[in-house]
Amino acid sequence: MIGIIGGTGLSAFLDANLLRTEEFESRFGAPSSEVSICQLHGRDFAFLPRHGHPHRVPPHKINYRANLDVLVRSGVTELIAVNAVGGICGGLGPAQIAIPDQILDYTYGREHTIYDDGSALDHVDFSFPYSGKVRENLASAASRANISVLTSAVYAATQGPRLETAAEISKIRRDGADMVGMTGMPEAALAREMGVEYACIALSVNWAAGLTDELITMHDIEEALAAGMKDVKKILACYIQG
Ligand code: HPA
């Protein structure tokens, strides 16, 4: 089954029929929310809001392990993560969308592996952190929805919840990042450890710090979210339709 993890601006999937909600115990603790099993175009999919609904769990406090664990328990094998980001490269202005293919991880102090109780250990390959299959399906869904997206880009994960300094963004840009967000890791690595096909659809909601003369305001972010999330939802609907 397809799963969707909703990010900021996508805490409910209102266009789909809600079939049921499922609550699972996880050995990793409490997830952000129960899993909603929804139906769109006759196909079932699972949905979980990363930051909770209606609660607002900050990026560094999200129980990424429990969230992925309950999605796997509800039958998810193919997972799309929706993430709001700040744009760094030229093509990623507010309301533009990317399907990243690489990750830089600057987060710290987050539970980032399932292999930490001594009972098992695997060093999973993470050379290509996202599923090629899910990325291709996302790109093809975007093309069917007639929405142009960047299909190769580097996602930098920062700790948050504060935004970055201009100097941090210069450094992250020199490191090779095209966008910056707070929730892409450890989610992607945990999905790999749990054997889930996982990819990200990233919506730029602002230019990253220092790239324009303006300060970053929640008002501007919310405007870009409202404009861009419509396109993200269209792409997701095309993806689910298959
Ligand atoms: N930085 C980090 N995370 C973000 C940003 C940003 O500029 N915008 C949305 N999420």
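Counting starts at 1 for both ligands and their atoms, in listed order. Just so it is clear, the values below take in all heavy atoms, side chains as well, and ignore hydrogens, waters and symmetry mates.
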Ligand 1 versus [X], non-hydrogen atoms closer than 4.0 Å: side chain, backbone, both, neither?
X	result
Thr8	neither
Asn206	side chain
Leu163	side chain

Quiz prompt | Derivation and outcome, salt bridge (charged side-chain N to carboxylate O under 4.0 Å, His left out), residues Glu25 and Arg73 | solution = CA-CA 9 Å; Glu25 296 276 313; Arg73 278 160 195 270; over 6 Å; no
Quiz prompt | Top protein contact for atom 10 (N) of ligand 1, by heavy-atom distance | solution = Ala84 O, 3.5 Å
Exercise. Write out the residue and atom name of the closest protein heavy atom to atom 4 (C) of ligand 1, then the distance separating them to 0.1 Å.
Key: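 The closest heavy atom on the protein side is Val180 O, 3.6 Å.
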Practice problem: Pull out every atom of ligand 1 sitting under 4.0 Å from any heavy atom of Val205, numbered as shown with elements. | Solution: 8 (N), 9 (C)
Quiz item: What atoms of ligand 1 come closer than 4.0 angstrom to any heavy atom of Glu164?
Solution: 1 (N), 2 (C), 6 (C), 7 (O)
Quiz item: So does Phe128 have more than 12 non-hydrogen atoms from other groups sitting under 6.0 Å from CZ?
Solution: no
Quiz item: Cut-off 3.5 Å, side chains only: do Glu34 and Thr21 have a donor facing an acceptor?
Solution: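 No donor-acceptor contact under 3.5 Å links the two side chains.
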Quiz item: Is the backbone of Tyr130 close enough, under 3.5 Å, to the side chain of Arg135 for a donor and an acceptor to pair up by distance?
Solution: no
Quiz item: Do Gln241 and Leu40 have side-chain heavy atoms sitting under 4.5 Å apart?
Solution: no
